Trainee: 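After the structure tokens below, expect a handful of questions from me.
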Amino acid sequence: MADRPTQAEPPPLARGPLAWARRHLFNTWYNAILTLGALYLIALGLKAAINWMIVNAVWTGSGADCHASMGEGACWALIAEKHRFILFGTYPYEEQWRPALAIGLFVVAAGLSTWRRLWSRALIASWFALLMVLALLLHGGVLGMSVVRTELWGGLPLTILLSVVGIGLSLPLAILLALGRRSSMPLIRAVSVGYIELVRGVPLISILFMASVMFPLFLPEGLTIDKLLRAQVGIILFSAAYLAEVVRGGLQAIPAGQYEAADALGLGYWRKMRLVILPQALKFVIPPLVNSFIATFKDTSLVIIIGLYDLLGAARTATNDPVWRAFTTEGYIFVAAIFFVFCSFMSRYSRRLERGTGERRSP
Amino acid sequence: MVGGRPALGALAWFGGRGARAILYQGLVIAAIVALGYYLVSNTLENLASRNIATGFTFLDREAGFPIAEHAIDYTPESSYGRAYLVGILNTLQVSVIGIVLATILGTVIGIARLSSNWLIAWLASSYIEVMRNIPLILQLFFWYGLILALPGPREALEIIGGNVYLSNRGFAFALPAFDAVHRWALIFVAVGLMGTLALRFFSRWRQARTGRTFPLFWPSVALVLGPATILFVAAGAPLAWERPALSGFNIVGGGRLSPEFFALVFGLTTYTAAYIAEVVRAGILAVPKGQSEAAHALGLRRSHALRLVILPQALRLIVPPATNQYLNLTKNSSLAVGIGYQELVSVGNTTINQTGQAIEGIAMIMAVYLTISLTISAGMNLYNRHIALKGR
């Protein structure tokens, strides 16, 4: 033991937090200046934020209590008072366990779906079943639940419903459009390209306006569909064009050999697509599909423009109350936090998937 | 069929792939035409029964609603057509300013994300994370709400020694008073810019012929700024500032940005910058390290290596997705309707509410956005072809 060469001590400042700071924060003189400047700004920002959000904030009470400390502290009393309205909109107060349960079911189902082992056709089928259950839960009329008209739906369940149904129903349409765009038949290709480029060229708001003011003109006299359904159709038609491009990306990534192999097996077009190409292509585009879902989830807040009360709309209505009018910022922060939590979970998941599929690609 | 199947009459013809393709396409077109016919006939019936006029004659009628910010003359007595024009100009104005600012901010943040300084990289990625995970319309409401929460004009916040006023009526700031000399100075700058182009051309020609480069940077600066500066100083540097001042219940004089305009441009810029930052980062990361090492080995200076080797390759990857973001910004400017800035969609919406001519109104909105989108993507394709790898 004794004649073993002694291990040289690492030079001072080669490891430990100080060394880390030196390497990552103070490695050059300009990085040192940047670090100090950034730390100073962060400290200033944190101090102001903590003072406003926690130290001087009003946590309970009425609007009058908040007005006393206006400008110095946040008015979280607004959230304490109005959180149920913001979360569930004008849904009848005693029945709000139903949307709450719907949100719970959605979160559990979404959580389970992140588990790769459960990915199968059955999972897709159960999502459709779940959507039916959610819609029934909100609408009522079965199992002794009273009927709640869709005009009263609002808040987070509406945001979730619009986006999940939006993505769920636009995917089949998107697959058809993507196949059409790669079809060898010129007319079908032209129709698909025309639709995709037309919809991608205009803002969602114009589609929603179309859904709210033009759809009623399209329908035969006497037939009306409610506003929520029209907005939903608008969202489906809009996201189908974007999803079609995502699916097309997947189709293009499939090597030509797969197509040829399916042809060699004598499969017809639809069987070739259904059994060979699409299962591979769709698996390939799951990360961008999650990103599209995030985009749709955020986009649904535009329905506020045509007078539906999703999460954001409900928050705005809640602060329309004269007592609370001065505290819209707090309402927005609450809603932003909810969106942030949902979206950042999904985007982290999609990034993990992207890394995951990258590693697993070569068998 | 190339294979040459024995002819079996009509059945074989139908079994052929070409014939089936024609049949399918015929069916799709027939379905679309039938759907179109159904919708159009319903619409005409509905329009007739609701007494809504059709056609674009309403464009000549008096609009009757005010537009707060107009780049061209506009009063409520102006026509709907002019109102639309004002809306289009407002959309373009917001988009162009937003695109320029978002590009600058996005590039800075994208480079910051790659910084060797951990804290700066962390700040940049947190910024991106927050901006991308909150709906834009919510962000616009938030900024607009913050501006409206500022004190009124009488208690306006004064910063930079009374040159900038912040209040819930927007931002008022000092502007240099116009002087004829300024116009001439601007003309000199324009001439200088053209001179720079000529110089660049000459430098290329000389390098191609003799291999020697001609310094461009400082001569260009002198050419662009020199004559204008000399003129300005010779004329006695006429620079008077027109300062905003409180008059009655409002602040008048100087330049002014309305709360709506400011919130919209600020929101669009900060939101889109997060996406552009990711595009810039991906573009820079995609250039292999060997490229900068090779440039170094050739003896190129750092600035030359960046300009001649790294940037051209990074740009090839940055430009297409960045253009997509520019288009998104332009389309997102339609969210202005939520905070009351009167751009195209907002004007269109008011028009539809007043005239009931929803189809024409929406068709005009869509046509304008489509034109903008198609123009930008056409320009984009040209540029792409220009910078694409000239391979075999």
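Within every chain, numbering begins at 1; the chains are lettered A, B, ... in the order of the sequence lines, protein sequences first and strands thereafter. Hydrogens, waters and symmetry mates play no part in the numbers below; they use all other heavy atoms, side chains included. On a predicted model such as this, the values are computed, not experimentally measured, just so you know.
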Trainee: Do B/Leu138 and A/Leu311 have side-chain heavy atoms sitting under 4.5 Å apart?
Mentor: no
Trainee: Pick one of side chain, backbone, both or neither for B/Val368, based on which atoms fall under 4.5 Å of a heavy atom in chain A.
Mentor: neither
Trainee: Kindly compute the distance separating CG (B/Asn332) from CG (A/Asp299), expressed to the nearest 0.5 Å.
Mentor: 8.0 Å
Trainee: Between B/Asn133 and A/Ser347, is there a side-chain heavy-atom distance shorter than 4.5 Å?
Mentor: yes
Trainee: Chain A heavy atoms under 4.5 Å from B/Leu335: which part of the residue, side chain, backbone, both or neither?
Mentor: both
Trainee: Please name the pair of heavy atoms, one in B/Ser334 and one in A/Ile205, separated by the smallest distance, quoted to 0.1 Å.
Mentor: O-CD1, 3.6 Å
Trainee: Where does A/Leu198 contact chain B at under 4.5 Å (heavy atoms): side chain, backbone, both or neither?
Mentor: both
Trainee: Look at atom CZ of A/Arg182 and say whether more than 12 heavy atoms of other residues, nucleotides or ligands are closer to it than 6.0 Å.
Mentor: yes
Trainee: Does any non-hydrogen side-chain atom of A/Phe218 lie less than 4.5 Å from one of B/Tyr38?
Mentor: no
Trainee: For B/Asn349 and A/Phe209: C-alpha separation, side-chain torsions, deciding distance, then whether side chain to side chain contact (heavy atoms under 4.5 Å, CB included) applies.
Mentor: CA-CA 8 Å; B/Asn349 192 25; A/Phe209 272 143; 3.5 Å; yes
Trainee: Please indicate whether A/Tyr269 has more than 12 foreign heavy atoms, meaning atoms of other residues, nucleotides or ligands, lying under 6.0 Å from its OH.
Mentor: yes
Trainee: What part of B/Leu39 lies closer than 4.5 angstrom to a heavy atom of chain A: side chain, backbone, both or neither?
Mentor: both
Trainee: Taking the side chain as everything from C-beta on, heavy atoms only, tell me whether B/Val345 gets closer than 4.5 Å to A/Ser206.
Mentor: no
Trainee: Does any backbone or side-chain atom of B/Leu370 lie under 4.5 Å from a heavy atom of chain A? Answer side chain, backbone, both or neither.
Mentor: both
Trainee: In this structure, are over 12 heavy atoms from other groups packed under 6.0 Å from B/Trp122 atom CH2?
Mentor: no
Trainee: Going by an N to O cut-off under 4.0 Å, is there a salt bridge joining B/Glu129 and A/Arg351?
Mentor: yes
Trainee: In terms of heavy-atom proximity below 4.5 Å to chain A, should B/Ile134 be classed as side chain, backbone, both, or neither?
Mentor: both
Trainee: Just give me the residue among B/Val28, B/Ile359, B/Ile120 that pairs up with chain A most often, heavy atom to heavy atom, under 4.5 Å.
Mentor: B/Ile359
Trainee: Check whether any side-chain heavy atom of B/Ile29 lies under 4.5 Å from a side-chain heavy atom of A/Val191, and answer yes or no.
Mentor: yes
Trainee: Could you look at B/Ser373 and say if it's the side chain, the backbone, both or neither that has a heavy atom under 4.5 Å from chain A?
Mentor: side chain
Trainee: Which answer fits B/Ala149, side chain, backbone, both or neither, if we ask what part of it has an atom under 4.5 Å from a heavy atom of chain A?
Mentor: neither
Trainee: Against chain B, work out which of A/Ser344, A/Gly331, A/Ser184 has the most heavy-atom pairs shorter than 4.5 Å and name it.
Mentor: A/Ser344
Trainee: Under 6.0 Å from the CZ atom of A/Phe327, do we count more than 12 heavy atoms belonging to anything else shown?
Mentor: yes
Trainee: With a 4.5 Å cut-off on heavy-atom pairs, point out which of A/Pro203, A/Ala336, A/Cys343 contacts chain B the most.
Mentor: A/Pro203
Trainee: Look at A/Arg316, A/Arg200, A/Met210, A/Met346 and state which one has the largest set of heavy-atom pairs under 4.5 Å with chain B.
Mentor: A/Arg316
Trainee: So for A/Arg348, is it side chain, backbone, both, or neither that comes closer than 4.5 Å to the heavy atoms of chain B?
Mentor: side chain
Trainee: Ring-plane angle category for B/Phe141 and A/Tyr332, please: parallel below 30°, perpendicular beyond 60°, tilted otherwise.
Mentor: parallel
Trainee: Under 4.5 Å between any side-chain heavy atoms of B/Gln25 and A/Pro186, yes or no?
Mentor: yes
Trainee: So B/Leu119 and A/Ile42, side chain to side chain contact (heavy atoms under 4.5 Å, CB included) or not? Walk me through it.
Mentor: CA-CA 10 Å; B/Leu119 193 62; A/Ile42 291 175; 4.2 Å; yes
Trainee: Taking the side chain as C-beta and beyond, is there a heavy-atom pair between B/Ile362 and A/Met214 under 4.5 Å?
Mentor: yes
Trainee: Quick one: of A/Thr328, A/Leu302, A/Val335, A/Ile338, who has the most non-hydrogen atom pairs under 4.5 Å with chain B?
Mentor: A/Leu302
Trainee: Which heavy atom of A/Ile305 sits nearest a heavy atom of B/Gly338, and at what distance?
Mentor: CD1-CA, 3.8 Å
Trainee: Let me see the working for B/Ile137 and A/Leu312 under side chain to side chain contact (heavy atoms under 4.5 Å, CB included), right down to the final yes or no.
Mentor: CA-CA 9 Å; B/Ile137 181 115; A/Leu312 180 56; 3.6 Å; yes
